[in-house]
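All remarks here apply to the structure that follows.
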Amino acid sequence: MTKNLVIVESPAKAKTIEGFLGNDFLVKSSYGHVMDLNKTQLGVDIENGFEPQYEVSPDKKKLIAELKKLAKDAEMVWLASDEDREGEAISFHLFKALGLKEAHTKRIVFHEITKTAITRAIENPRDIDYHLVWAQQARRVLDRLVGYELSPLLWKKVKPSLSAGRVQSVAVRLIVEREEEIKQFEVSSAFRITAVLNISIDGTQYQVNAELPERFDDRDKALAFLESCKGAAYTIQSVEKKPAKKSPAPPFTTSTLQQEASRKLGYSVANTMRIAQQLYESGKITYMRTDSVNLSDLALHMAKEVVTRQYGAQYVKTRRFATKTKGAQEAHEAIRPTYMEKQSITGSAEEKKLYDLIWKRTLASQMADAELEKTTVSILVSTNNKQLIASGEVILFDGFLKVYFEGTDDENGDESQTILPPLNAGMALMLREMTAQERFTRHPARYTEASLVKKMEELGIGRPSTYAPTISTIQKREYVVKEDRPGVVRQYQVLTLVNDQIKEKTANENTGFEKSKLFPTDIGTLVNRFLCQYFDSIIDYNFTANVEKEFDEIADGRKEWNLMIKEFYGPFHLKIENTLENAGKFSGEKLLGVDPVTGKNVFVKVGRFGPIVQLGDTESEEKPRFASLKKTQSLDTISLAEALDLFSFPRLLGEFEGSEVSVALGRFGPYVKHNNLFFSLLKTDDPVEISIERAIELIENKRNKDEQSLIKEFDAQPELKVLNGRYGPYISFNKKNFKIPKGTDPAGLTLEACMAIVDDPANAPKKKFVRKKK
DNA sequence: CAGTGAGCGAGCTTCCGCTTGACTT
């Protein structure tokens, strides 16, 4: 029996803390929230002051029972969840769910996992802060009301199973609006003049690159400039040197870690979090869901020691960073290595790389500024009095740059600073070549997962624990897709002046290539348009920031939580009712043209299952025909001819082995059908053009592949097969799949052994959770 | 999991934020 039960949020934290406290303390974890609103109903009592109907979450029932037993036996229960709104609610919910008594309960908080911090916390307990708990209730109830009233409205007006919410709908809006900006963007071009000059100083030949600050908006002006440089002398007019400084970036938060891992390692946001979780659980880094840039005294001390030892005292600079992020709650430290002296770790390759990034970033944040000298050289062109500028940069002291430099999202980052030779005013240079190259303006960059997180953080929308899930939600709902897009070839003009002769040529460049970028779908665009039209206040970029202010007022005891909700819900619910009654179907229907064969109208719109084309009017006596758009097509860009092509399916291609072969478009893309079996077309196959020969090839390829994945089959039971799948070997029987127990050799299985596995209820395929009727 | 989209009606879908495993074909 233990005297003291301490409950924290994370099991990894529990393990560490238990080491700091003596035998009198048992440390357990709540695994996050333990109570929530029921998923299947609104869960808010609108009539009675918006009282939330919290209940123990289904997956926490067992845990609560276990904690209850331990709490009963303990003399004192210490609620040690995080010191923020959500953490306070967790403590309150534990208090309720475990049936605790005030006399035997204490609330404690700490920001770092060190022995001193924990001991100090134990010595300074407090009571549950109900103002904070109410602020959380307001947050929870608001999100539920928005999500559970808007979503069903979308089901009725747009398409079933859609969703809307305070966070996800704004994320989608950002992507849709960026795409619109890109569509509106008009590309223009201008000519940029660069020069390569030579100079000999003390017998050494140097090359200097210079640029004309001004640009010419057409070819003739650029040509005129080059003409005017013919026969010119190039003299240095001035050399200006300016000292400059660079400071390191603050230690990682969740959002900056996701951004850097994306830029430098190419990890998706979800991947970064998965790897960070592994590092955290094995005790290598501190907690990875944080909005704080703060480092503990212990960490500062460790970093100082490592910097001194590895690079010397002149590289040390202890810094404390302040959070600028909107709505940051700072319940944790920044993300850092647990032990700074561990420069590398054991683990998978991706764990090593992410750890290396965290180690370098943390160490660099505690290092001296880099000192630079920036040099600007003006070169006078004698014939036209214009000035070319050469700029260079010299690092006088590298400081933190020795370890780490933050990446950039700027896609135009091609102008690198160079080192210049020792130049002085009055020196003469020889022109080797002057170039006027046509350069194009670029549209705003599409969002990557990580740059979207950055933007959301700036707007104060979402939390470290939700960035990754939100991004996966909007992709799962098919509001946006993450894709690569090939670029197109574009021509540009180049004029060159060499030996007082001007040459002109046209060259090619690839432009518009996109890698892992977020694109809005037709459905995402349509839902966004719906919400903009009827609920502009909810998807306003400032909505979250404004309600956050009110949550803060509640937390400070300056406002009553249900009053705040009432003020919001009144007008909001009225809008829901109005829209429900007065708005028609919101399908984005558009008349594309007339079918020359039938003379019927061709429409495109979003239907129950996604984007479709419709042949014939809905009101006409004859039922219109429908066909789904291909995944690569969009309502916005599809042509009449492409739309009409979609009605040519299913189409008979010919015969193979005495049965018909046809091609059709299905839910999962185009496929070939033969003997009731389906064969998917490759992305490179065009279903309009596909030949019977190619279709047969697809059928035979699939047969080969199936044969390779077959490990074993039995004559006595043709329904049963041992197969090799994506997750290793498994048994397929009567179209159901069964996992093979670990340690069993799949090739050595007998039919009897297989049947035993199939009959063992432990191996039965999991059924989908069937919800009870209300 | 594969040719769906009339209209009706039943029954379903849905939020954000805090945490980990269990599990997939």
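Chain letters run A, B, ... following the sequence lines, proteins first and then strands; every chain starts at 1. These values consider heavy atoms only, across backbone and side chains, with no hydrogens, waters or symmetry-generated copies.
Remark: P of B:dT4 and CG of A:L629 are 14 Å apart, rounded to the nearest angstrom. Taking atom CD on A:E660 and atom P on B:dG3, their separation rounds to 16 Å, with Å as the unit. Put simply, CG on A:N676 is 12 Å from P on B:dA2, counting in whole angstrom units. To the nearest angstrom, P of B:dT24 lies 16 Å from CG of A:L723. A:K39 has its NZ atom 12 Å from the C1' atom of B:dC12, to the nearest Å. In this structure, CG of A:L615 is placed 14 Å from P of B:dT4, rounded to the nearest angstrom. The distance between atom NZ of A:K705 and atom P of B:dT25, rounded to the nearest whole Å, is 16 Å. Between A:L142 atom CG and B:dC16 atom P there is a gap of 11 Å when expressed in whole angstrom units.
Taking every heavy atom of both residues into account, A:H131 and A:A555 meet most closely at CB-O, 3.2 Å. In this structure, A:D522 and A:Q633 approach most closely via the heavy-atom pair OD2-O, 4.2 Å.
An aromatic stacking contact links A:Y148 with the base of B:dT14, defined here by ring centres under 5.5 Å apart and ring planes under 30° from parallel.
Counting distance only, with no hydrogens placed and no angle test, the side-chain atoms of A:S662 and the base atoms of B:dG3 include no donor-acceptor pair under 3.5 Å. Between the side chain of A:T618 and the base of B:dA6, no donor-acceptor pair of N or O atoms lies under 3.5 Å.
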_Stepwise salt bridge (Lys or Arg N to Asp or Glu O under 4.0 Å) test for A:D82 and A:R289_ = CA-CA 12 Å; A:D82 298 342; A:R289 290 186 276 263; over 6 Å; no
_Pairing annotation in dot-bracket form, given for DNA chain B with Watson-Crick or G-U pairs under 3.5 Å and | for cross-strand partners_ = .........................
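With C1' as the reference atom, B:dC1 and B:dT24 are 15 Å apart, rounded to whole Å. Spacing of P atoms, B:dT25 relative to B:dA2, comes out at 15 Å, to the nearest Å.
When each of A:D536, A:N542, A:T544 is checked for a side chain to side chain contact (heavy atoms under 4.5 Å, CB included) with A:D540, only A:N542 meets the rule.
Checked by atom type, the side-chain pair A:S255/A:E457 shows a donor-acceptor distance below 3.5 Å. Side chain to side chain, A:S282 and A:K284 meet the donor-acceptor criterion of an N or O pair below 3.5 Å. Inspection of the A:N675 and A:S659 side chains reveals an N or O donor paired with an N or O acceptor under 3.5 Å. Side-chain contact check for A:Y569 and A:E149: at least one donor-acceptor pair (N or O, by modelled atom type) lies under 3.5 Å.
Side-chain N/O atoms of A:R477 include one lying less than 4.0 angstrom from OP1 or OP2 on B:dC15. Taking 4.0 angstrom as the limit, A:Q614 places none of its side-chain polar atoms (N or O) nearer than this to OP1 or OP2 of B:dG5.
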What's touching nucleotides 17-20 of chain B from the protein side, N or O pairs under 3.5 Å?
residue : atom : partner : partner atom : Å
B:dG17  : OP1  : A:R166  : NH2          : 2.9
B:dG17  : OP2  : A:T466  : OG1          : 3.0
B:dG17  : O4'  : A:R139  : NH2          : 3.3
B:dC18  : OP2  : A:S465  : OG           : 2.8
B:dC18  : O5'  : A:S465  : OG           : 3.4
B:dC18  : O3'  : A:E9    : OE1          : 3.2
B:dC18  : O2   : A:H33   : N            : 2.6
B:dT19  : OP1  : A:Y287  : OH           : 2.5
B:dT19  : OP2  : A:Y287  : OH           : 2.7
B:dT19  : OP2  : A:R289  : NE           : 3.0
B:dT19  : O5'  : A:Y287  : OH           : 3.3
B:dT19  : O4'  : A:G32   : N            : 3.4
B:dT20  : OP1  : A:S10   : OG           : 2.5
B:dT20  : OP2  : A:Q277  : NE2          : 3.1
B:dT20  : OP2  : A:R289  : NH2          : 2.8

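Here A:E548 pairs with A:R85 in a salt bridge; the nearest charged N to carboxylate O distance falls below 4.0 Å.
Within 6.0 Å of atom NZ in A:K15, 12 or fewer heavy atoms from other residues, nucleotides or ligands are found, so the atom counts as exposed in its surroundings.
When heavy atoms are screened at a 4.0 angstrom cut-off, A:G610 is found touching base atoms of the nucleic acid. No contact: A:L154 has no heavy atom under 4.0 Å from any strand. Within the 4.0 angstrom heavy-atom criterion, no nucleotide atom of any strand lies near A:Q136. No contact: A:A89 has no heavy atom under 4.0 Å from any strand.
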